[in-house]
Amino acid sequence: MKRTVLSIVAALSVMTCAASCSGNLKDGMVDLTPPEKPGETEEFEYPSEYALNHPCALVTSADIDRVKNQVALASPSDPVYVSYTNFCKSPYSQSGYTATPVQIIIRGDATGIGEGKENYITISKDASAAYQLALRWKITGDTKYADDAVRILNSWADVCTKIDAKDNNQYLCAGFQGYTLGNAAELLRDYEGWNSTDQNDFKSWLRTVWIAKNEWFIDTHGGSSTCNLHYWSNWELANLASMLAIGIYLEDHALITKVYRNFREGAGSGCINNIVPYDPVADPDGHGMLAQSMESGRDQGHGTLVASMSAELCQMAWNIGLDFWGMEDNKMLAMFEYTAKYNVKPNGTYICTSMPFTHYSYCPPTCGCSNKSHGAEHEVVSDSGRGTIRPCWDLIYAHYRHAAKIDADKLYYVKLFADQLRYTDGVLTGDGGSGDSRYGSNSSAFDQIGWGTMMYYRGE
């Protein structure tokens, strides 16, 4: 197990561009402190260091050991064990899985780029298989799963040259699937069966095909000119998650720092105070605090996606010592509670008929966007897609209850949703992961990694 500790000091000169980082970190300092802005008066507290104790993206050695212990007990009433048995049944966890790499990944309009249609579902499935096979190797110790995962990653690096489309939907793929690939590689980075030549080729592929897309989207907010909030939060969250997962795998100072700064105080929709644009309010029913997200008035399919992507991004940051979960006095928790309260259905019935809501203006005529016809004025929480489920609630509950030691009543609605998703039609199953039909029949089933019950459930 390798541990790299990075001190955070006020010397911007030690920062290097992502292109100059070759993989392993040199002894040195990394600055997460933002440059001063004219007229800025608010001071943020920044951590003194972060540590790369591999594996340390979405899953750590402690997580893996905890699952191993529960699997060994083999209790049919244990949510971790039951979730693990379902994980092993997933088509993306099977030895012998065959990848089908393509030269050009297309998500979005293929017109005008010499290709006939979208094909991104191929990388969605193969990236998920690489991750799940790598995780199954970590849990079981059986190298056949690691060998299959390595073959998947190598085959894509050998064949694929770019992600493309005529529109910006390609950046959703760059985010969601880049994030999954980065996590798969992080689990495999020390596997003896992945030789250094192939692994270096894969690292180069991640930089040129994936990180190049992620950074352009984050740096330019999707090329949106003067409208930094044109793209909804899930777009930036996906690209930040990809940058962080890959940055951890590559041990890249600059990528990790960029994610931290953009989440902490960036101008785009992936910044905590744009993901959650208003201060939390007291729950009218007396359970902690609630805060709507940027997408709460849009629809709940995307509102729950924001919760899921935020949770997995926060967990990766936490695993290297950066507390995204607790920023702004647990503002993310208030958003998770808001989203859970409105969408949870214990016993098949919603628990509320209305939610506190502050008017949100999305891309008004004065925002600077060239297209003046797409804006929206949100006056109430949207009921479109209400009840959408995503595999994040056991992760959220486990962090705030067991790591952050938050009082259970302040996690009331998160717990209800976590309890709900451990069951399918009354049968204990765990919350599932990529490709689970409960999360959709197309790309939505691959928007997040999941398996939160298996990896994070620790009881009450």
Side-chain angles (χ1 to χ4, degrees), residues 42 168 171-172 175 217-218 221-240 262-285 288-311 313-314 324 327-344 350 352-388 390 392 396 413-414 447:
E42 184 176 8
N168 271 5
Y171 293 95
L172 288 173
F217 191 87
I218 294 299
H221 310 295
S224 54
S225 186
T226 60
C227 183
N228 294 331
L229 300 180
H230 171 74
Y231 286 91
W232 300 96
S233 290
N234 76 88
W235 289 70
E236 287 212 1
L237 282 166
N239 281 276
L240 289 174
N262 275 275
F263 186 83
R264 184 67 187 88
E265 57 159 13
S269 60
C271 171
I272 184 172
N273 287 319
N274 290 326
I275 299 167
V276 189
Y278 305 116
D279 290 340
V281 298
D283 173 31
D285 295 311
M289 305 296 288
L290 305 174
Q292 71 194 66
S293 76
M294 180 191 187
E295 304 204 39
S296 294
R298 182 189 182 193
D299 63 67
Q300 296 312 306
H302 289 97
T304 54
L305 176 57
V306 168
S308 187
M309 284 308 303
S310 295
L313 177 66
C314 287
F324 288 13
M327 281 186 185
E328 297 285 340
D329 194 22
N330 288 318
K331 197 173 190 180
M332 297 304 292
L333 172 56
M335 184 272 286
F336 294 135
E337 280 284 274
Y338 186 102
T339 306
K341 180 175 183 178
Y342 190 60
N343 287 282
V344 71
Y350 293 118
C352 64
T353 57
S354 64
M355 294 289 289
F357 194 88
T358 300
H359 169 265
Y360 184 80
S361 183
Y362 166 68
C363 283
T366 58
C367 76
C369 285
S370 58
N371 181 352
K372 300 299 182 185
S373 65
H374 68 283
E377 302 296 323
H378 296 162
E379 303 291 348
V380 296
V381 63
S382 174
D383 63 1
S384 175
R386 189 177 186 188
T388 296
R390 303 274 183 176
C392 60
I396 296 168
Y413 303 111
V414 165
D447 286 345

For the pair Asn234 and Glu295, evaluate side chain to side chain donor-acceptor pair (under 3.5 Å) and give the outcome as yes or no after the intermediate values.
CA-CA 9 Å; Asn234 76 88; Glu295 304 204 39; 3.0 Å; yes
In sequence, state the C-alpha distance, the side-chain angles, and the governing distance for Glu236 and Asn274, and then conclude on side chain to side chain contact (heavy atoms under 4.5 Å, CB included).
CA-CA 11 Å; Glu236 287 212 1; Asn274 290 326; over 6 Å; no
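Across all their heavy atoms, Ser293 and Met335 have their closest contact at CB-CG, 3.8 Å. Here the closest non-hydrogen pair linking Ala307 and Phe336 is O-CE2, 3.3 Å. The two atoms that bring Phe324 and Met332 nearest to each other are O-CG, 3.9 Å, heavy atoms only. Smallest separation of non-hydrogen atoms from Ile272 and Lys331: CD1-CB, 4.3 Å. Nearest heavy-atom pair, Leu305 versus Asp447, reported as atom, atom and distance to 0.1 Å: CD1-CB, 3.7 Å. Residues Ser310 and Leu237 approach most closely at OG-CD1, 3.4 Å, considering heavy atoms.
Aromatic ring centres of Tyr231 and Tyr171: separated by at least 6.0 Å.
A cation-pi arrangement is found for Arg386 relative to Tyr350, the charged atom lying closer than 6.0 Å to the ring centre and inside a 45° cone about the ring normal.
A 4.5 Å side-chain heavy-atom check between His230 and Cys367 finds every atom pair outside the cut-off. When side chains are defined from C-beta on, Leu229 counts as touching Met294, because their heavy atoms get closer than 4.5 Å. Inter-residue side-chain proximity for Leu290 and Glu337 is flagged as met; some heavy-atom pair is nearer than 4.5 Å.
Rounding to the nearest 0.5 Å places OG of Ser296 at 13.0 Å from NE2 of His302. Note that CG of Asn343 is 6.5 Å distant from OG1 of Thr388, once rounded to the nearest 0.5 Å. Atom CD1 of Ile275 and atom CG of Leu240 lie 7.5 Å apart (nearest 0.5 Å). To the nearest 0.5 Å, the span separating CD on Glu377 from OH on Tyr360 amounts to 10.5 Å. To the nearest 0.5 angstrom, Tyr413 atom OH is 7.5 Å from Cys352 atom SG. The CG atom of Asp299 lies 10.5 Å from the CG atom of Asp383; values are rounded to the nearest 0.5 Å.
A distance-only check finds a donor-acceptor pair linking the side chain of Ser269 to the backbone of Trp232 [under 3.5 Å]. In this structure a side-chain-to-backbone donor-acceptor pair under 3.5 Å is present from Gln300 to Ser382. With hydrogens and angles disregarded, a donor-acceptor distance shorter than 3.5 Å links the side chain of Asn168 to the backbone of Gly222. Side-chain N or O atoms of Tyr338 include one that pairs as donor or acceptor with a backbone N or O of Pro356 at under 3.5 Å. Using a distance-only test at 3.5 Å, with no hydrogens or angles considered, a donor-acceptor pair links the side chain of Gln292 to the main chain of Thr358. Of the possible donor and acceptor atoms, one in the side chain of Tyr278 sits under 3.5 Å from a partner among the backbone N and O of His359. Checking side-chain atoms of Asp283 against main-chain N and O of Gly288 turns up no donor-acceptor pair under 3.5 Å.
Using the six-membered ring where Trp is involved, His374 and Tyr362 have ring planes that are perpendicular, over 60° apart on the 30 and 60° scheme.
Not counting sequence neighbours, the partners of Ala291 by the side-chain contact (heavy atoms from CB on, under 4.5 Å) test are Val276, Pro280, Ala334.
The side chain to side chain donor-acceptor pair (under 3.5 Å) test with Asn273 singles out one residue from Glu265, Arg264, Glu328, and that residue is Glu328. Each of Val381, Val306, Val414, Thr304 was evaluated against Thr339; a single residue qualifies, Thr304, per the side chain to side chain contact (heavy atoms under 4.5 Å, CB included) test.
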